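Accompanying notes for the structure given below.
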Amino acid sequence: MRLGFGDRLVDPCQSGAMSRLLNHEEIDRQLGDLPGWAVDGPLMRATFEAPDFPAAIRLVDEVAADAESMNHHPDIDIRWRTVGFVLSTHDQGGLTQLDVELAHQISQAAARIGAQARG
Ligand SMILES: C[C@H](O)[C@H](O)[C@H]1CNC2=NC(N)=NC(=O)C2=N1
């Protein structure tokens with residue numbers, strides 16, 4: 001599995017590029033492309049409102065597939081049609097490019113399902 005990373009394709013299994021800690025400037029710069037996401041210390045958080053509960057579960061199911069293919073997994077909180085995601089690279093104790101890429105995957109899945117980012 002290969003991930004686009006700028007103009008290079010890297011395989012996170014072979015390159016440490018995706019799993020090194022990002023500095024504040026790198027995070028802030030990329031957050032501009034991720035409306036609804038916020039940094040909270042070593043975490044990135046976003047909450048989405050789905051049209052209904054089945055759509056919320058579809059969102060979780062799509063994210064689960066993306067997370068499994070990346071081998072990078074979010075913390076997920078489901079309350080009726082509100083789904084909260086918290087991202088961090090546990091192995092590094094902070095934010096890496098894997099968290100940024102997963103955030104993009106989550107936001108794209110939410111858009112497909114009609115779930116709006118809150119806040
Ligand atoms: C052994 C396995 O590859 C690791 O535990 C993976 C699994 N999923 C993960 N998910 C997240 N969010 N952080 C990790 O460090 C991580 N590590």
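Worth saying up front: this structure is predicted, and the values here are computed from it rather than measured. As the structure lists them, so they are numbered: ligands from 1, and atoms in each ligand from 1.
Contact annotation for Ala67 and ligand 1: no heavy atom of the residue comes within less than 4.0 Å of the ligand.
For Gln97 and Gln30, the side-chain atoms include at least one donor-acceptor pair closer than 3.5 Å. For the 3.5 Å distance criterion, the side chains of Glu68 and His73 qualify, holding a donor opposite an acceptor.
The protein heavy-atom contact nearest to atom 10 (N) of ligand 1 is His73 N, 3.0 Å. Closest protein heavy atom to atom 3 (O) of ligand 1: Asn71 ND2, 2.6 Å. Looking from atom 14 (C) of ligand 1 to the surrounding protein, the closest heavy atom is His90 N, 3.6 Å. Protein heavy atom closest to atom 16 (C) of ligand 1, with residue, atom name and distance, is Asp91 OD2, 4.2 Å.
To the nearest 0.5 Å, atoms CZ (Arg118) and CZ (Phe48) are separated by 11.5 Å.
If you number the atoms of ligand 1 from 1 as listed, the ones under 4.0 Å from a heavy atom of Thr89 come out as 13 (N), 15 (O).
In this structure, atom 7 (C) of ligand 1 is in close contact with the protein, since a protein heavy atom lies within 4.0 Å of it.
Side-chain atoms of Ser88 never come within 3.5 Å of backbone atoms of His90 as a donor-acceptor pair (strictly under, hydrogens ignored). Checked by atom type and distance alone, the side chain of Asp99 pairs as donor or acceptor with a backbone atom of Thr96 at under 3.5 Å.
For Ile27, the side-chain contact (heavy atoms from CB on, under 4.5 Å) partners at least two apart in sequence or on another chain are Leu22, Val39, Leu95.
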